[in-house]
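All figures in this text were calculated on a predicted structure; none of them were measured in a lab. The figures here come from the full heavy-atom set of this structure, side chains too, leaving out hydrogens, waters and symmetry mates.
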There are 2 protein chains.
Amino acid sequence: MAKKKEHCDCLNTIKPVRDALDVISGKWKLPIIISVGVGNDRFTDIQQSIPGITPKVLAKELRELEQHRLLKRSVVGDYPVKILYTLESYADTLTPIIYSLKDWGVNHRTFVTDKCGLNS
Amino acid sequence: MAKKKEHCDCLNTIKPVRDALDVISGKWKLPIIISVGVGNDRFTDIQQSIPGITPKVLAKELRELEQHRLLKRSVVGDYPVKILYTLESYADTLTPIIYSLKDWGVNHRTFVTDKCGLNS
DNA sequence: TATTTCACTTTCCTTTGGGAAAGTAGTATA
DNA sequence: TATACTACTTTCCCAAAGGAAAGTGAAATA
């Protein structure tokens, strides 16, 4: 029997959730994964597909995603070299997270407008 | 027919994902939801159940979660007033997100140690 | 009376994230 | 020769996040 409560068992959940958040939280990482996943493989294409992202931030986030083995940067061609970004297969494991966030986001938008009656 | 590619369709996914991230991203929000969800309802209990959180940060995050209608702060009792934090039912909708993040985090830890052979 | 507990607040400081704008090296096009 | 495109980098700046430590006021306990 424990002294008081078992409430600290939540560490079993909190720890892995924080591991996941360390990798994918932030404003841009998942949008970039989504964009590359849908077929945008050039720097400029990715930039244009994500409203508001600047080249500096995109470059930095791409480097971090590469370090986390979620995507791959490859140089192809000879004289006019192209740089292609593609998802590593490991990025597929993020699919459940992306869909649960998307579903929640879609529902949340209606929740907010229904509850608050705001016109945005 | 579109001019070139349909890759920008990813906005249909990116937008709601960003709506969700605006609410729950950051280091502390989900850990707090998890802790309160498991039964920690007092400020000090929550603080002690989440390693590393400071009272200043906890107070701020609790206020934000209350504003987002994810949890409720209630004052109970008369002379020694107690303050209780409980989840709103709307917080239950976060369950799929929490579990997908937890599963990914658990798997990611083995992925990292297998691939990199680090001893942390 | 002194100490402890609860639920924070306050101050100070450092780090991180990120926007704006310009620059750049190489190649291609007019 | 001049302009444009690609994939960035560089500089400057600002705001938000967040850590450390101390304080606070009311009530309970010793």
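Whole-Å rounding puts the B/Leu62 CG to D/dG18 P distance at 14 Å. Rounding to whole angstrom units, CD of residue A/Gln48 and P of D/dA7 are separated by 10 Å. Going from atom NZ of B/Lys82 over to atom C1' of C/dA7 covers 14 Å, rounded to whole Å.
Using a 4.0 Å cut-off between a side-chain N of Lys or Arg and a carboxylate O of Asp or Glu, B/Lys29 and B/Glu61 qualify as a salt bridge.
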> Which is it for B/Lys82 and B/Val75 under the side-chain contact (heavy atoms from CB on, under 4.5 Å) test, yes or no, and what are the steps along the way?
Replying inline: CA-CA 6 Å; B/Lys82 275 187 182 182; B/Val75 184; over 6 Å; no
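Distances were taken from every side-chain heavy atom of B/Pro55 (C-beta onward) to each of D/dG18, C/dC8, C/dG18; the shortest belongs to C/dC8.
Taking 4.0 angstrom as the limit, A/Arg42 places a side-chain polar atom (N or O) nearer than this to OP1 or OP2 of D/dA7. OP1 or OP2 of D/dA7 has at least one side-chain nitrogen or oxygen of A/Thr44 nearer than 4.0 Å. Residue B/Tyr85 places no side-chain N or O under 4.0 Å from the OP1 or OP2 atom of C/dC6. Look at A/Arg63 and you'll find a side-chain N or O under 4.0 angstrom from OP1 or OP2 of D/dT9.
Within 3.5 Å, no donor on the side chain of B/Lys27 pairs with an acceptor on the base of D/dG18, nor the reverse. One donor-acceptor pair, N or O on each side, does fall under 3.5 Å between the base of D/dG19 and the side chain of B/Lys56.
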